[in-house]
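Below is one structure, written out as structure tokens; the observations come after it.
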Amino acid sequence: MPIRLLDAELRAYRPGDSDAFVTVGRDNLGETTIDETAQEAMDTGTILVENSDGVADGVTRITSGDRLELYVQLEGESSLEHYWTAMARDLTDTVEPGPGITRTEIEATDFVFSTLSFRAGDGSFEGVDAGDVADTLVASAAPEVGRSQIETVGEEVDLSVSGRFIGDVIEQDLAPQGDAIIAADGTDLVFRSLGSVEVKHSLRLSDVLSPIDVERVDDDLINRVRIDGGEDHAVDDEQLTQSDTQRVTDSNRLTTKVQTRKSEVARVQLHTEPDADSDDDLVVRLQADRGGSPVDIDDRSSDLARRSLSSEFLADGDFTEFQLPDHTLSPEDEPFIIVEASGSDGHDVGTDGSGTPTYQAEFPFPLLARAESGDSQQRHRRRDLRRRDDALQTEQAVQDAATAALRHRTEPARRVTVSADSRRAHRLQPAEVVRLEGIPVSDVSGRYAVVERETVLAETLLRTELTLQETSTI
């Protein structure tokens, strides 16, 4: 049943400020509704502020981007306690002749995932714990989001992030691959292994109102997965001996014929020793074979592909990667690599001592992985998922994504929806775990996580509806 609301308070903060610029007391707070979730990132809410005494007008006017903190005092509590932290988004004023703004309706979203949805990040991670990746991305792109509740989860991931929104990376990649539960707690991001979340307390029939809804939902049931990733590369031809160097210029070139098995040379790894006093670019060109020689070594328009790198991008005494533009080789083609510089100064290139450059030529191949559960297919019929993610750049990353997509999804999700009755039930938050006890259904007991919390604050009452899901099906 609803619980008595003894007091409520909304505090608003400008970006970067630690002191509230306005505090809206209970007398000026109208009906407030909040929908919160775990796993599905964005929480939403609507807050009505009655402006009878100008509390939210002029310099104290709440605007988009302000941080909002809602505090409530429930029956049995001695003081106000934190309930929700949000970000003001859309605002609608009701204006009347004479008094002006009489009320403001604030559409809000939770502070953490709103911030993460605004920020794009970059980075490449290989064999790094999913929690550490989340911590690194949040620290670099969203320092105002707290990281004290981001934990290592014991699941390593391979992931390339290039200009993606951090919230999407966490929700779509890191949480499923890390087998983690995610939520917002105040200004903190919660990122924890599902298996390590401690039970907060038991939840019994005395904590909730009847009737109780028990659902077995197969919307997300999957038992056969194919993930198509990006491209990886393998060596097509190579000459790795490096016993000498040779200076290449715009007129003094190195050439070598490449034995190819595929229709493209995607990249060339070339041993380079750049001249610090030269401003010339180093150039790798690809030309077809005509009678045992490049088709026309002096005619760049005859190139199949070409890549130039300025001197600051050349490795000193190591391999430099030249990524060649897309092209197509005929089945009979065994092209020539031509190495030159853009000017007369040039740079040194590693050789085998006989004039053959030290190099690797690599071809691209698509990455894909599959995973399936035969037992689930027998019980629930085959249900396929196929997804493409070009950000997955290694075989391990694609396989991890396939395994993660199947994890916890081979059985219908067991969910229990209840209306809170006890104070401790009203205070449960998304991502917290309880132990269900005493529910008169044989397979509904044990560890359940709060995945949704719907709240309505109206006048002197607070109503809370909770949706809990068995952790093994999240």
Side-chain angles (χ1 to χ4, degrees), residues 1-12 23-52 55-56 62 67-77 79-94 102-114 183-186 203 206-213 215 415-432 434 448-469:
M1 62 182 294
I3 191 169
R4 283 185 62 207
L5 183 64
L6 302 182
D7 199 3
E9 189 173 275
L10 181 70
R11 304 170 190 173
T23 298
V24 181
R26 176 181 173 184
D27 292 342
N28 292 98
L29 273 178
E31 183 171 291
T32 296
T33 60
I34 304 170
D35 294 330
E36 302 167 83
T37 66
Q39 303 306 89
E40 297 178 4
M42 195 73 71
D43 304 338
T44 61
T46 302
I47 302 170
L48 188 64
V49 175
E50 301 289 352
N51 196 37
S52 57
V55 68
I62 295 171
R67 188 176 86 248
L68 308 176
E69 294 189 356
L70 180 65
Y71 288 78
V72 300
Q73 180 183 351
L74 304 180
E75 185 176 20
E77 296 175 344
S79 62
L80 288 164
E81 295 183 20
H82 176 267
Y83 196 81
W84 191 47
T85 298
M87 183 184 294
R89 305 296 294 275
D90 298 341
L91 296 95
T92 303
D93 294 327
T94 299
T102 58
R103 68 179 60 87
T104 299
E105 183 180 87
I106 305 170
E107 300 292 336
T109 51
D110 78 83
F111 177 81
V112 169
F113 284 98
S114 296
D185 182 13
L203 196 69
S206 58
D207 291 300
V208 300
L209 295 174
S210 297
I212 298 169
D213 291 333
E215 299 178 282
R415 294 179 187 163
V416 177
T417 302
V418 297
S419 294
D421 191 20
S422 67
R423 180 162 53 87
R424 69 177 187 172
H426 281 285
R427 280 291 184 181
L428 282 172
Q429 300 181 72
E432 291 184 330
V434 297
Y448 276 69
V450 179
V451 293
E452 295 179 21
R453 180 175 74 169
E454 298 180 7
T455 302
V456 178
L457 292 83
E459 297 180 346
T460 61
L461 296 175
L462 181 143
R463 296 177 175 85
T464 306
E465 185 170 281
L466 301 170
T467 299
L468 305 104
Q469 183 168 329

* To do: Indicate the atoms forming the closest heavy-atom contact of Ala108 with Leu68, along with that distance.
  => CB-CD1, 4.4 Å

* Asked: Could you give the distance from CG (Leu74) to OH (Tyr83), rounded to the nearest 0.5 Å?
  -> 7.5 Å

* To do: List for me each residue that meets salt bridge (Lys or Arg N to Asp or Glu O under 4.0 Å) alongside Arg67, sequence neighbours excluded, and say none if there are none.
  => Glu69

* Structure fact -> Heavy-atom closest pair (Val416 atom, Tyr448 atom, distance to 0.1 Å) is CG2-CE2, 4.0 Å

* Structure fact -> Scanning both residues in full, the closest heavy-atom pair of Arg463 with Leu461 reads NH2-CD1, 4.0 Å

* Asked: Does some side-chain heavy atom of Thr104 sit less than 4.5 Å from a side-chain heavy atom of Ile62?
  -> no

* **Set of side-chain hydrogen bond (donor to acceptor under 3.5 Å, both in side chains) partners for Glu454, sequence neighbours left out** => none

* **Side chain Thr94, main chain Thr102, donor-acceptor under 3.5 Å** => no

* **For Thr46, all residues meeting side-chain hydrogen bond (donor to acceptor under 3.5 Å, both in side chains), sequence neighbours excluded** => Glu107

* **Inter-residue atom distance Leu5.CG - Leu462.CG, 0.5 Å rounding** => 6.0 Å

* Min side-chain heavy-atom separation Thr467-Gln469 under 4.5 Å -> no

* Asked: Is any side-chain heavy atom of Asn28 closer than 4.5 Å to a side-chain heavy atom of Asn51?
  -> no

* Structure fact -> In short, Glu50 meets Gly30 closest at the heavy-atom pair CG-N, 4.4 Å

* Structure fact -> So CZ of Arg89 and CD1 of Ile106: to nearest 0.5 Å the spacing works out to 13.5 Å

* Asked: Does Arg26 have any salt bridge (Lys or Arg N to Asp or Glu O under 4.0 Å) partners at least two apart in sequence or in another chain, and if so, which?
  -> none

* To do: Using salt bridge (Lys or Arg N to Asp or Glu O under 4.0 Å) as the criterion, list what pairs up with Arg415, not counting sequence neighbours.
  => none

* Asked: Do Glu36 and Asp110 have side chains that get closer than 4.5 Å, going by heavy atoms?
  -> no

* Structure fact -> side chain to side chain contact (heavy atoms under 4.5 Å, CB included) filter on Leu428, not counting sequence neighbours, yields Lys200, His201, Leu203, Glu432, Val434, Val450, Leu466

* **Val456 side chain reached by Glu31 side chain, heavy atoms, under 4.5 Å** => yes

* Is Leu457 close to Leu29 at the side-chain level, that is, under 4.5 Å between some pair of heavy atoms? -> no

* CD-OG1 distance between Glu465 and Thr417, expressed to the nearest 0.5 angstrom -> 6.0 Å

* Asked: Mind checking what makes salt bridge (Lys or Arg N to Asp or Glu O under 4.0 Å) contact with Asp93, not counting sequence neighbours?
  -> Arg61

* Asked: Rounded to the nearest 0.5 Å, how far apart are OG1 of Thr92 and CZ of Arg103?
  -> 12.0 Å

* Residue list, side chain to side chain contact (heavy atoms under 4.5 Å, CB included) with Leu6, at least two apart or on another chain -> Arg4, Gln73

* Asked: Do Thr455 and Trp84 touch side chain to side chain, with heavy atoms closer than 4.5 Å?
  -> no

* To do: Just jot down the side-chain hydrogen bond (donor to acceptor under 3.5 Å, both in side chains) partners of Thr32, sequence neighbours excluded, or say none.
  => none

* Hey, could you give me the CG/OG1 distance between Asp35 and Thr109, rounded to the nearest 0.5 Å? => 12.5 Å

Show the atom names and distances, to 0.1 Å, of all donor-acceptor pairs under 3.5 Å that link a side chain in residues 418-427 to residues at least two apart or in another chain.
from, atom 1, to, atom 2, distance (Å)
Asp421, OD1, Met1, N, 3.3
Ser422, OG, Asp207, OD1, 2.8
Ser422, OG, Ala425, N, 3.2
Arg423, NE, Glu75, O, 3.4
Arg424, NE, Asp207, OD1, 3.0
Arg424, NH2, Ser202, O, 3.0
Arg424, NH2, Asp207, OD2, 3.1
His426, ND1, Thr464, OG1, 2.8
His426, NE2, Met1, O, 3.2
His426, NE2, Ala420, O, 3.4
Arg427, NE, Glu77, OE2, 2.9
Arg427, NH1, His82, O, 3.0
Arg427, NH2, Val72, O, 3.0
Arg427, NH2, Glu77, OE1, 2.9
Arg427, NH2, Glu77, OE2, 3.4

